[in-house]
Amino acid sequence: MKQKFKSTSGITLLEMLIGVVISSIMMAALYTSYTVVNGSYTQVADKETMSRTGRDIIGMLLRDIRMAGYYDVNAVQVAAPGMEPLFISKSTRFTGDSRQCDRIKIIYGDIEYNKGSTPEYTYPIYKVTYECKRSKIPNRKVKKNAAGTFPTKDLFAIYKSKFSYDEKNRTWKDPTTDNDVKTYKDELVIDHVEDLIFNPIDETGKQIKPAPQPSNPRYYDIRSVDVLIMIRSPDPFYKKEKDRTQFALDPSAGNTRKKKSKDKYLRESIVVTAHTRNLGSLK
């Protein structure tokens with residue numbers, strides 16, 4: 001005998017549509033929350049990467065500037081033009097395609113021990129240079145040029161080189177052929193740089209102007225160097241374009257060196273003071 005159901009249960013089409021709508025609203029809310037959190041995380045990660053990269057090169061600069069003018073007590077110092085312990089080339093062009101960064105050259109001595117050699121102790125002299133060159137990273141956010149390639153980004157990259165001195169011939173050796181593992185030429189340190197500034201400071205805390213040079217030979221008056229590195233984020237950081245200004249660490253240039261921009265990129269200026277602990281003792 002067939003059993004008869006007095007009532008049946010289920011959902012209507014209207015109820016199903018309401019469920020779909022509620023589910024869609026919940027999924028949209030979850031996606032929006034994920035997008036916001038992910039965007040915030042990306043921004044924090046980008047800023048942390050910039051800060052970490054800046055700290056790395058600042059550490060290198062601090063170590064090298066502190067070594068400026070160092071010689072072992074048994075070493076023979078070389079007194080000749082171009083052997084200044086700390087030489088800063090100040091930029092005079094801050095805008096346009098011809099703009100430049102400051103450049104610093106550091107010379108110091110070292111000591112090497114080679115057991116069984118004659119002599120066992122040698123005292124090499126090194127020259128370290130930090131300078132800006134045009135970035136080689138292609139800008140893929142603009143159209144290709146006539147050659148069918150993307151133009152490079154309108155930024156700088158900081159390069160470091162290290163040469164050893166040939167005392168016999170009184171010249172700097174070629175790092176590619178001197179068989180010295182400590183030397184190198186034009187090694188990329190950091191990219192996406194807006195500016196690099198070095199200000200020499202004397203014992204009274206005042207900036208030496210102009211920077212020491214043959215016509216103003218105050219190389220051994222330098223007690224510290226104020227350093228600024230301005231870095232730009234590789235990708236857009238802000239949601240909207242807005243007028244922004246990054247001030248430069250260069251009172252001698254007035255307001256001409258500060259960076260004015262209207263875009264979505266983040267710029268961060270890292271400023272430190274490096275003390276030249278060896279120069280005062282050599283004066």
Side-chain angles (χ1 to χ4, degrees), residues 50-70 82-94 98-110 124-137 153 155-165 172-176 178 180-201 207-208 210-213 219 222-232 246 248-250 252-253 257 259 267-279:
M50 291 174 61
S51 298
R52 184 180 67 251
T53 305
R55 289 195 303 270
D56 290 343
I57 185 175
I58 284 296
M60 296 171 60
L61 279 164
L62 288 175
R63 183 173 60 253
D64 287 330
I65 291 175
R66 288 169 181 164
M67 288 296 296
Y70 166 79
M83 296 297 291
E84 298 82 9
L86 186 63
F87 183 84
I88 295 173
S89 298
K90 297 292 294 181
S91 172
T92 57
R93 298 193 293 268
F94 313 126
S98 63
R99 72 184 188 279
Q100 295 177 339
C101 302
D102 292 353
R103 182 174 180 266
I104 191 169
K105 179 187 71 175
I106 303 162
I107 294 179
Y108 62 87
D110 201 351
I125 299 173
Y126 293 107
K127 176 177 69 174
V128 174
T129 303
Y130 290 88
E131 60 184 330
C132 289
K133 296 184 179 181
R134 289 289 177 175
S135 175
K136 297 180 180 179
I137 299 178
K153 292 184 177 181
L155 294 167
F156 292 110
I158 297 178
Y159 287 82
K160 178 183 178 181
S161 60
K162 186 175 184 179
F163 291 73
S164 62
Y165 188 68
W172 295 102
K173 301 177 184 179
D174 184 348
T176 60
D178 63 2
D180 190 338
V181 296
K182 293 184 179 181
T183 60
Y184 43 86
K185 184 178 181 181
D186 295 338
E187 290 287 336
L188 176 63
V189 179
I190 182 176
D191 217 311
H192 291 91
V193 174
E194 291 275 8
D195 204 356
L196 177 63
I197 299 175
F198 299 104
N199 288 340
I201 308 297
Q207 181 179 349
I208 301 177
Q213 51 190 288
Y219 304 106
I222 302 175
R223 292 297 177 268
S224 62
V225 179
D226 288 344
V227 184
L228 179 144
I229 300 177
M230 188 184 299
I231 310 173
R232 199 201 77 177
Q246 289 289 117
L249 183 71
D250 204 344
S252 62
R257 197 162 186 174
K259 178 69 177 180
R267 291 171 176 82
E268 183 171 349
S269 294
I270 302 174
V271 182
V272 297
T273 297
H275 295 277
T276 55
R277 57 190 180 189
N278 296 296
L279 296 188

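Every heavy atom of this structure was used, including side-chain atoms; hydrogens, water molecules and symmetry mates were not.
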Gap separating the CG atom of Leu196 from the CD1 atom of Ile190, nearest 0.5 angstrom: 9.5 Å
Okay, side chain of Glu194, backbone of His192: is any donor-acceptor separation there less than 3.5 Å? no
Minimum heavy-atom distance Lys185-Ser161, with the two atoms named: CA-CB, 4.0 Å
In the structure I gave you, are the side-chain heavy atoms of Gln213 and Glu84 within less than 4.5 Å of one another anywhere? no
May I ask you to decide whether Asp195 forms a salt bridge with Lys259, counting only side-chain N to carboxylate O separations under 4.0 Å? no
Measure the shortest side-chain to side-chain distance between Ile270 and Val227 over non-hydrogen atoms and say whether it is less than 4.5 angstrom. no
Using only atom types and a distance under 3.5 Å, with no angle test, would you say the side chain of Asp226 pairs donor to acceptor with the backbone of Asn199? no
Quick check: do Tyr126 and Ile107 have side-chain heavy atoms less than 4.5 Å from each other? no
Quick check: do Leu86 and Pro200 have side-chain heavy atoms less than 4.5 Å from each other? no
Assess whether a salt bridge exists between Lys153 and Asp191, defined as any Lys/Arg side-chain N lying under 4.0 Å from an Asp/Glu carboxylate O. no
Rounded distance [0.5 Å steps], CD1 in Ile222 versus NE2 in His275: 14.0 Å
Test side-chain contact (heavy atoms from CB on, under 4.5 Å) applied to Asp174 and Asp178, step by step: CA-CA 6 Å; Asp174 184 348; Asp178 63 2; over 6 Å; no
Any donor-acceptor pair under 3.5 Å from Lys133 side chain to Leu188 backbone: no
Determine the minimum heavy-atom distance between Tyr165 and Lys173, stating which atoms define it. O-CE, 4.0 Å
Is a salt bridge present between Asp64 and Lys160, judged by a nitrogen-to-oxygen distance below 4.0 Å? yes
Min side-chain heavy-atom separation Phe163-Thr183 under 4.5 Å: no
So which atom in Phe87 and which in Ser89 form the shortest heavy-atom distance, rounded to 0.1 Å? CE2-OG, 3.2 Å
Using only atom types and a distance under 3.5 Å, with no angle test, would you say the side chain of Ser91 pairs donor to acceptor with the backbone of Arg93? yes
Could you tell me which non-hydrogen atom of Phe198 sits nearest to which non-hydrogen atom of Ile104, and how far apart they are? CZ-CG2, 3.5 Å
Between the main-chain N or O of Arg223 and the side-chain N or O of Thr276, is there a donor-acceptor pair closer than 3.5 Å? yes
Output the distance between atom CD1 (Ile125) and atom OH (Tyr108), rounded to the nearest 0.5 Å. 12.0 Å
side-chain contact (heavy atoms from CB on, under 4.5 Å) between Lys182 and Asp110, worked out: CA-CA 11 Å; Lys182 293 184 179 181; Asp110 201 351; 3.3 Å; yes
Show the numbers, then the answer: is there a salt bridge (Lys or Arg N to Asp or Glu O under 4.0 Å) between Lys162 and Asp180? CA-CA 10 Å; Lys162 186 175 184 179; Asp180 190 338; over 6 Å; no
Positive for side-chain contact (heavy atoms from CB on, under 4.5 Å) with Ile106, one of Val225, Ile65, Ile88, Thr129: Ile65
With respect to Ile57, which candidate in Ile158, Val193, Ile231 satisfies the side-chain contact (heavy atoms from CB on, under 4.5 Å) definition? Ile158
Less than 4.5 Å apart, any side-chain heavy atom of Met230 and any of Ile197? no
